[in-house]
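Every number for a ligand or one of its atoms is a count from 1 in the order of the listing.
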Amino acid sequence: MEEIPKSHPRYHSLIIRKKLVDAFRQGIVVPEGLIAHGRGEALDYILGEKTLEPAYRAIKAASALLLISKKPVISVNGNTAALVPKEIIELSKIINAKLEVNLFHRTIEREVKINKLLKSLGADEVLGIGDDASETIPRLESKRRFVSPRGIYLADTVLLALEDGDRTEQLVKMGKKVIAIDLNPLSRTARTANITIVDNVIRAIPLLIEECKKLSNSPRDELEKIAYNFDNEENLKAMINAIKDRLSMLTSLEVI
Ligand code: PTJ
């Protein structure tokens, strides 16, 4: 396997690509996941590959919401399992959330592989594997409609990343609070979720871990204030303005 030289200016980005390609070869990530990552990379490039201020605000609100939720669930797809497997397990333990595999390109082989990976890294329980996904999200035609009766179906809050807009919409219609991590502030998921973190899942999950730890001893009424005062539409507008400012700054630079 080809070595990536540490001195390469795009070393970190190449390592992330390698993680996804390795997971693709292992049957965890689908080819479509590689395409989705390419779109994400392009958007992340525009952000300067860093977390912008509005995303920090969304992360704080999301952490508060996760801490006050009674039945939070982290939804895991192929890309998330490939990029941040240890981190989602750590987060699930801090906020007492269940982990549920939920795939757009659903096959039992992939579910079993992701389950095995998460268990090998310390997950106690992984929902949504095979027959466990025996409930159905109403009005949804994709295979993402199959969910666990002890997980997403019952959840009050669902944290998801790299999601399609259809399921986000239906989860919200079911009365659930949805926290989405999506590098595209214009996507249907970004606009439909209750809290959207416009950031790379690679940075967002570790930041959520940090913030949940920080807020874990805060009184409930304070957490409620942080979570319920968050305005997703306003935050997305702020994010788009932050991107506009960044692009204006870049266009004023000499081309090098
Ligand atoms: O593993 P499966 O079968 O569930 O399939 C997963 C994919 C990703 C193939 C599926 O969910 C899909 O097709 O997703 P979309 O509709 O392409 O949406 C992916 C969204 O995530 C796009 O808006 C991307 O910009 C965004 N995105 C890509 N990479 C990242 C990201 N957002 C956050 N962090 C990333 N690393």
Proximal atoms of ligand 1 relative to R39 (non-hydrogen, under 4.0 Å) | 17 (O), 25 (O)

N/O separation below 3.5 Å, H37 to ligand 1 | no

Ligand 1 contact by E41, heavy-atom criterion under 4.0 angstrom | no

Nitrogen or oxygen atoms of L43 and ligand 1 under 3.5 Å apart | no

Taking N or O atoms only and a 3.5 Å limit, does L103 qualify as a polar contact for ligand 1?
-> no

S75 side chain to R167 side chain, donor-acceptor N/O pair below 3.5 angstrom = yes

Out of curiosity, is R106 lining ligand 1, as in a heavy atom under 4.0 Å away?
-> no

Protein contact for atom 23 (O) of ligand 1 (heavy atom, distance under 4.0 Å) | yes

Nearest neighbour in protein (non-hydrogen) for atom 35 (C) of ligand 1 | N200 OD1, 3.5 Å

Atoms in ligand 1 flagged as close to G78, the criterion being non-hydrogen separation under 4.0 Å | 1 (O)

Would you say V201 has any N or O atom under 3.5 Å from an N or O of ligand 1, going by distance alone?
-> yes

Would L208 end up clustered with L223 when hydrophobic side chains under 4.5 Å apart are linked, directly or stepwise?
-> yes

Report the nearest protein non-hydrogen atom to atom 18 (O) of ligand 1: residue, atom name, distance rounded to 0.1 Å.
-> E163 O, 3.9 Å

Number the atoms of ligand 1 from 1 as they appear, then name those within less than 4.0 Å of a heavy atom of L183, with their elements.
-> 30 (C), 31 (C), 32 (N), 33 (C), 34 (N), 35 (C)

Show every donor-acceptor pair shorter than 3.5 Å between a side-chain atom in residues 78-87 and any protein atom, with sequence neighbours excluded, or say none if there are none.
residue : atom : partner : partner atom : Å
N79     : ND2  : G33     : O            : 3.0
T80     : OG1  : N77     : OD1          : 2.7

S148 side-chain N/O to R150 backbone N/O, donor-acceptor pair under 3.5 Å | yes

Do me a favour and list the nearest non-hydrogen protein atom to atom 28 (C) of ligand 1 with residue, atom name and distance?
-> A36 O, 3.2 Å

Under the salt bridge (Lys or Arg N to Asp or Glu O under 4.0 Å) criterion, do E210 and K60 qualify, and how do the steps go?
-> CA-CA 10 Å; E210 218 177 277; K60 185 166 181 183; over 6 Å; no

Which of the ligand 1 atoms, numbered from 1, are nearer than 4.0 Å to a heavy atom of E32 = 9 (C)

Does ligand 1 have any atom sitting under 4.0 Å from a heavy atom of D199?
-> yes

Looking only at protein heavy atoms, which one is nearest to atom 5 (O) of ligand 1, and how far off is it?
-> H105 CD2, 3.7 Å

Starting from atom 20 (C) of ligand 1, which protein heavy atom do you reach first, and at what distance in Å?
-> D182 OD1, 3.8 Å

Under 4.0 Å between a Lys/Arg side-chain N and an Asp/Glu carboxylate O for R191 and E233?
-> no

Are R139 and D166 close enough, and set up right, to give a salt bridge (Lys or Arg N to Asp or Glu O under 4.0 Å), and what steps lead you there?
-> CA-CA 9 Å; R139 299 172 294 270; D166 276 10; over 6 Å; no

Shared hydrophobic cluster, Y153 / L159 (ILVMFWY, side-chain heavy atoms < 4.5 Å) | no

Validation row: V101, L103 side chains within 4.5 angstrom (heavy atoms) = yes

closest protein heavy atom to atom 4 (O) of ligand 1 is F104 N, 2.7 Å

Donor-acceptor contacts under 3.5 Å from residues 65-72 side chains, at least two apart:
residue : atom : partner : partner atom : Å
S69     : OG   : L65     : O            : 2.6
S69     : OG   : T157    : OG1          : 2.6

Tell me: protein heavy atom nearest atom 6 (C) of ligand 1, and distance?
-> N77 ND2, 3.9 Å

What protein heavy atom is closest to atom 14 (O) of ligand 1, reported as residue, atom name and distance in Å?
-> L162 O, 3.9 Å

Is there a chain of hydrophobic side chains (I, L, V, M, F, W, Y, each step under 4.5 Å between heavy atoms) that links L186 to I46?
-> no

Step through the shown structure and confirm whether more than 12 heavy atoms of other residues, nucleotides or ligands are within 6.0 Å of NZ on K176.
-> yes

Output yes when the distance from some N or O of ligand 1 to some N or O of N184 is under 3.5 Å, and no in every other case.
-> no

Would K225 and E222 satisfy salt bridge (Lys or Arg N to Asp or Glu O under 4.0 Å), going step by step from the backbone distance to the final call?
-> CA-CA 5 Å; K225 223 189 282 169; E222 200 176 296; over 6 Å; no

Find all atoms of ligand 1 within a distance of less than 4.0 Å from any non-hydrogen atom belonging to G33, and give their numbers and elements.
-> 9 (C)

Is D131 atom CG crowded by more than 12 heavy atoms from other residues, nucleotides or ligands, each under 6.0 Å away?
-> no

Atoms in ligand 1 flagged as close to R110, the criterion being non-hydrogen separation under 4.0 Å | 1 (O), 2 (P), 3 (O)

May I ask whether atom 12 (C) of ligand 1 is less than 4.0 Å from at least one protein heavy atom?
-> no

Before giving the answer on salt bridge (Lys or Arg N to Asp or Glu O under 4.0 Å), spell out for R203 and E49 the whole-Å C-alpha distance, their side-chain angles and the decisive distance to 0.1 Å.
-> CA-CA 9 Å; R203 294 187 298 273; E49 294 168 332; over 6 Å; no

Decide whether an N or O pair under 3.5 Å exists between V30 and ligand 1.
-> no

